[in-house]
Amino acid sequence: MDKFMQAAIDEARAGLSEGGIPIGSVLVCDGRIIGRGHNQRVQKMSAVLHAEMDCLENAGRLSAVEYKKCTLYTTLSPCDMCSGTALLYGIPKVVIGENETFKGPEDYLRSRGVELLLLDSEECKALMREFIRAKPELWNEDIGA
């Protein structure tokens, strides 16, 4: 497993241990993690703190030049909001743990020049399957089903 995706999975597990949804993300620039986060909609009663949003918030303010050197790792395919944020800041590459549980606007990201790498991680899929089985109402609230 890629060490950066493993860090995102560790974030997902941290979120789960806090009673939240197990989705994690890290932002990598020049071969080092500069931001990390996990879905905190439950923990912080937030409408917008998906893992990618928490990660970018924790990375702090970066210049456009810095964002263009970054790769965003996420355990689950990013939703419209998180994809839009990656586009807004010009993040050129997104590494996705899995997209079977949920598939965001990946084709749109590609059409806008974002490189996507799908790892098809069994560990990411298992985390989501177990969570959805245990808390379907929370998953349906978060994903808008």
Side-chain angles (χ1 to χ4, degrees), residues 1-16 18 20-132 135-136 138-145:
M1 175 64 63
D2 175 288
K3 70 179 179 179
F4 298 127
M5 183 53 69
Q6 188 58 58
I9 291 169
D10 293 345
E11 284 293 322
R13 290 190 185 287
L16 183 62
E18 296 167 357
I21 300 166
I23 304 168
S25 182
V26 297
L27 186 65
V28 175
C29 187
D30 294 328
R32 67 182 185 88
I33 295 173
I34 61 170
R36 56 179 69 231
H38 50 271
N39 189 300
Q40 297 213 40
R41 286 180 30 89
V42 174
Q43 300 92 309
K44 294 190 175 178
M45 299 297 292
S46 171
V48 297
L49 276 182
H50 286 186
E52 301 89 340
M53 303 299 280
D54 188 45
C55 171
L56 291 168
E57 177 71 16
N58 291 332
R61 291 178 61 193
L62 302 174
S63 70
V65 170
E66 289 172 299
Y67 280 119
K68 289 184 185 342
K69 298 188 302 181
C70 288
T71 299
L72 183 65
Y73 287 75
T74 180
T75 59
L76 185 64
S77 182
C79 72
D80 289 314
M81 175 178 64
C82 298
S83 294
T85 303
L87 289 172
L88 177 69
Y89 290 116
I91 297 170
K93 183 174 182 179
V94 178
V95 179
I96 300 167
E98 68 106 342
N99 68 357
E100 284 183 18
T101 305
F102 172 81
K103 185 174 182 180
E106 294 176 16
D107 291 337
Y108 180 65
L109 283 170
R110 282 187 195 94
S111 78
R112 296 284 306 273
V114 177
E115 178 187 352
L116 298 183
L117 176 60
L118 176 62
L119 299 181
D120 200 30
S121 163
E122 285 303 321
E123 187 173 2
C124 291
K125 289 182 216 177
L127 263 172
M128 293 309 301
R129 273 193 307 265
E130 292 168 23
F131 174 77
I132 292 167
K135 297 187 176 179
L138 188 53
W139 171 248
N140 289 333
E141 171 196 321
D142 187 61
I143 212 61

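All figures in this text were calculated on a predicted structure; none of them were measured in a lab.
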Distance (rounded to the nearest 0.5 Å) between Glu11 CD and Thr74 OG1: 11.0 Å
Going through the checks in order, is the side-chain contact (heavy atoms from CB on, under 4.5 Å) test met by Cys124 and Leu76? CA-CA 7 Å; Cys124 291; Leu76 185 64; over 6 Å; no
Please lay out, stage by stage, how Arg110 and Asp107 fare under the test salt bridge (charged side-chain N to carboxylate O under 4.0 Å, His left out). CA-CA 5 Å; Arg110 282 187 195 94; Asp107 291 337; 3.3 Å; yes
Atom of Pro78, atom of Pro105 and distance for their closest heavy-atom approach: O-CD, 3.4 Å
dist His50:NE2 -> Asp80:CG (nearest 0.5 Å) comes out at 10.5 Å
Does Glu123 pair with Arg13 as a salt bridge, N-O distance under 4.0 Å? yes
Tell me, yes or no, whether the heavy-atom count around Tyr89 atom OH, taken from other residues, nucleotides or ligands under 6.0 Å, exceeds 12. no
Distance-minimising heavy-atom pair for Gly97 and Met5: N-CE, 3.4 Å
Which residue pairs pass the side chain to side chain donor-acceptor pair (under 3.5 Å) test when at least one of the two sits in residues 96-105, sequence neighbours left out? Glu98-Thr101, Asn99-Glu106, Glu100-Lys125
Start with the C-alpha gap between Glu141 and Leu138, add the side-chain angles, then the distance that decides, and say whether side-chain contact (heavy atoms from CB on, under 4.5 Å) holds. CA-CA 5 Å; Glu141 171 196 321; Leu138 188 53; 4.0 Å; yes
For the pair Val95 and Leu119, evaluate side-chain contact (heavy atoms from CB on, under 4.5 Å) and give the outcome as yes or no after the intermediate values. CA-CA 7 Å; Val95 179; Leu119 299 181; 3.7 Å; yes
May I ask you to decide if Tyr73's main-chain N or O and Ser25's side chain share a donor-acceptor pair within less than 3.5 Å? yes
With sequence neighbours excluded, residues passing side chain to side chain donor-acceptor pair (under 3.5 Å) with Lys44: none
Working to the nearest 0.5 Å, report the span between CD1 of Ile9 and CG of Leu127. 7.0 Å
When you compare the side chain of Val114 with that of Ser83, does any pair of heavy atoms fall below 4.5 Å? no
How long is the gap from CZ on Arg61 to CD on Glu66, to the nearest 0.5 Å? 11.0 Å
Ser46-Gln40 side chain donor-acceptor pair, cut-off 3.5 Å: no
Just do the side-chain contact (heavy atoms from CB on, under 4.5 Å) check on Met128 and Ile23 with the steps written out, would you? CA-CA 8 Å; Met128 293 309 301; Ile23 304 168; 3.9 Å; yes
For Leu49, does its backbone N or O pair with a side-chain atom of Asp54 as donor and acceptor, under 3.5 Å? no
How long is the straight-line distance from CG of Leu117 back to NZ of Lys93, given to the nearest 0.5 Å? 5.5 Å
Interatomic distance, Phe4 atom CZ to Leu72 atom CG [nearest 0.5 angstrom]: 13.0 Å
I'd like to know if the side chain of Ser77 and the backbone of Gly104 have a donor-acceptor N/O pair within less than 3.5 Å. yes
Under 3.5 Å, is there a donor-acceptor pair between the side chain of Thr75 and the main chain of Gly24? yes
